[in-house]
A.B. asks: 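Dropping a structure here in structure tokens format, bear with me for questions.
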Amino acid sequence: MTGTRCACLPGVPCWVSLAARDLDGAKDFYGPLLGWRFETVAGRRGSYVRAMAGKTAVAGINATAHEWELPVTWTTYFGTESADTAVGRVQERGGTVAVGPLSSDEGRLALAADPAGASFGLWECRTEPGWPRPPGVGGNAVWVELRTRDAFEAALFYGGVFDWDRRPSPPYTVRWEEDRVILDIDKRTVATLYGGAVEGTVDPRLRPRWHVFFSVADVDDTMETTRKLGGQTIGEPSPTHFGRTATLRDPEGGLFCVVSGHG
């Protein structure tokens, strides 16, 4: 919207939200696992809470998966100066728009999918702080990774939607490193795009999708706690350039990742 001040960094992941079926069950799982407390957001349609890590708002959880008969999933939202402009660019580049743009007191949002089918959100923000957030706060979503068919093609799509190569301040850097396209903001990695996804596979980890990485002190302890709370661990922890990571599943099937040592 012309003239609206955007508090999020445009073109950068600025928020993550979980569409759950059982809101209380999600709170009972993620609260002790990631050290979150929850604040109910007044004025929202349906049940919605904001997850807090200390005094920092780090995620949203709502019960729309049950209401809309959707799979339980985490959605990554990218900041934008104009949701309308971003929606138009998504459609021009072969993506689809499922919802919005919709207006609220905090801003305007839309839900979309890229040409490979990976879902993401657009957030024209008025109040929420943008990323990157301080890595020292446990429970923060500090990094997102796209698993897609072709990382280079995906970088062209998202770079065109969000003008990654036209933003001088803070410095936006898109680089190719080994088998990933990496987005750095002011020399800090906030998103990676990784090829090799298969749309028809039965393994949801290998389908085109954005994966959210939450900061934890110890990946192994978090995996053990996940099992105790009724969730599942997917495979073994992996050392990466960004820290030690693991893929987990909450009791309703929502996939997410954790990382330790990410700075």
Side-chain angles (χ1 to χ4, degrees), residues 1 4-10 12-84 86-87 97-112 119-134 137-144 190 210 212-216 229 231 250-256 258:
M1 182 181 301
T4 298
R5 179 180 178 273
C6 182
C8 295
L9 288 176
V12 178
C14 65
W15 191 246
V16 293
S17 184
L18 174 68
R21 293 191 182 92
D22 179 355
L23 182 60
D24 289 335
K27 291 163 61 178
D28 290 342
F29 175 78
Y30 287 100
L33 184 73
L34 298 177
W36 290 347
R37 62 182 179 84
F38 301 95
E39 295 181 351
T40 300
V41 179
R44 290 293 187 97
R45 180 177 179 271
S47 301
Y48 184 89
V49 297
R50 184 178 289 126
M52 307 294 295
K55 296 182 179 180
T56 303
V58 295
I61 302 177
N62 58 56
T64 54
H66 175 72
E67 179 184 351
W68 293 351
E69 298 183 355
L70 297 173
V72 174
T73 186
W74 281 97
T75 298
T76 297
Y77 287 82
F78 289 81
T80 178
E81 298 98 330
S82 168
D84 295 293
V87 159
V97 177
V99 177
L102 303 176
S103 298
S104 70
D105 292 339
E106 296 89 1
R108 304 182 75 230
L109 67 85
L111 295 176
S119 299
F120 63 99
L122 301 166
W123 182 231
E124 182 185 317
C125 171
R126 298 190 184 115
T127 58
E128 296 290 354
W131 280 7
R133 297 191 179 103
V137 180
N140 271 353
V142 292
W143 164 40
V144 293
V190 295
W210 282 98
V212 182
F213 287 76
F214 294 103
S215 174
V216 297
L229 293 169
D250 68 28
E252 291 191 320
L255 283 175
F256 64 103
V258 291

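It should be emphasised that the depicted structure is a prediction, and the values quoted were computed from it without experimental measurement.
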A.B. asks: Evaluate the side-chain contact (heavy atoms from CB on, under 4.5 Å) criterion for residues V72 and D250: first the C-alpha distance (whole Å), next the side-chain angles of each, then the deciding distance (0.1 Å), finally the verdict.
C.D. replies: CA-CA 9 Å; V72 174; D250 68 28; 4.0 Å; yes

A.B. asks: Taking T56 for the side chain and V58 for the main chain, is one N or O donor matched with an acceptor at less than 3.5 Å?
C.D. replies: no

A.B. asks: To the nearest 0.5 Å, how far apart are CZ in F256 and OG1 in T73?
C.D. replies: 12.0 Å

A.B. asks: Quick one: closest heavy-atom pair of A83 and R108, and the distance?
C.D. replies: CB-NH1, 4.2 Å

A.B. asks: Would a distance-only check, ignoring hydrogens and angles, find a side-chain to backbone donor-acceptor pair under 3.5 Å from E39 to R50?
C.D. replies: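 Checking the backbone N and O of R50 against the side chain of E39, no donor-acceptor pair under 3.5 Å is found.
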
A.B. asks: Suppose we call two aromatic rings close when their centres sit under 6.0 Å apart. Are Y77 and W210 close by that rule?
C.D. replies: no

A.B. asks: So F29 and D22, do their side chains get closer than 4.5 Å, heavy atoms only?
C.D. replies: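 They are not in side-chain contact.
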
A.B. asks: Mind checking the CG-CG spacing from L23 to D28? Nearest 0.5 Å is all I need.
C.D. replies: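 The distance works out to 9.5 Å.
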
A.B. asks: Using 30° and 60° as the class limits, which term best fits the ring planes of W74 and Y30: parallel, tilted or perpendicular?
C.D. replies: perpendicular

A.B. asks: Any side-chain heavy-atom pair from T80 and P10 closer than 4.5 angstrom?
C.D. replies: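 No, side chains not in contact.
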
A.B. asks: Answer whether the closest heavy-atom distance between the side chains of L34 and V216 falls below 4.5 Å.
C.D. replies: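 A side-chain contact under 4.5 Å exists here.
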
A.B. asks: For the pair V144 and V190, evaluate side-chain contact (heavy atoms from CB on, under 4.5 Å) and give the outcome as yes or no after the intermediate values.
C.D. replies: CA-CA 7 Å; V144 293; V190 295; over 6 Å; no

A.B. asks: Provide the closest heavy-atom pair for C14 versus W123 in the form atom of the first, atom of the second, distance.
C.D. replies: SG-CD1, 3.6 Å

A.B. asks: Run W143 and S215 through side-chain contact (heavy atoms from CB on, under 4.5 Å) and show every step you take.
C.D. replies: CA-CA 9 Å; W143 164 40; S215 174; over 6 Å; no

A.B. asks: On a heavy-atom basis, which atom in A51 and which in W36 lie closest, and how many Å separate them?
C.D. replies: CB-CE3, 3.5 Å

A.B. asks: When you measure from the side chain of E252 to the backbone N and O of R21, does any donor-acceptor pair fall under 3.5 Å?
C.D. replies: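 At least one qualifying donor-acceptor pair exists.
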
A.B. asks: Supply the atom-to-atom distance T75 OG1 to L109 CG, rounded to the nearest 0.5 angstrom.
C.D. replies: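 Between T75 OG1 and L109 CG, I get 10.5 Å after rounding to 0.5 Å.
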
A.B. asks: Hey, does the side chain of R37 reach the backbone of G54 with a donor-acceptor pair shorter than 3.5 angstrom?
C.D. replies: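 Here the side-chain-to-backbone pair exists.
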
A.B. asks: Please examine the side chains of L122 and P101, heavy atoms only from C-beta on, and report whether any two atoms are closer than 4.5 Å.
C.D. replies: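 Sidechains of L122 and P101: no contact.
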
A.B. asks: I would like to know whether T76 and V212 meet side-chain contact (heavy atoms from CB on, under 4.5 Å); could you show each step before the answer?
C.D. replies: CA-CA 7 Å; T76 297; V212 182; 3.6 Å; yes

A.B. asks: Nearest heavy-atom pair of I61 and S17: which atoms, and what distance?
C.D. replies: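 Closest approach of I61 to S17, heavy atoms only: N-OG, 4.5 Å.
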
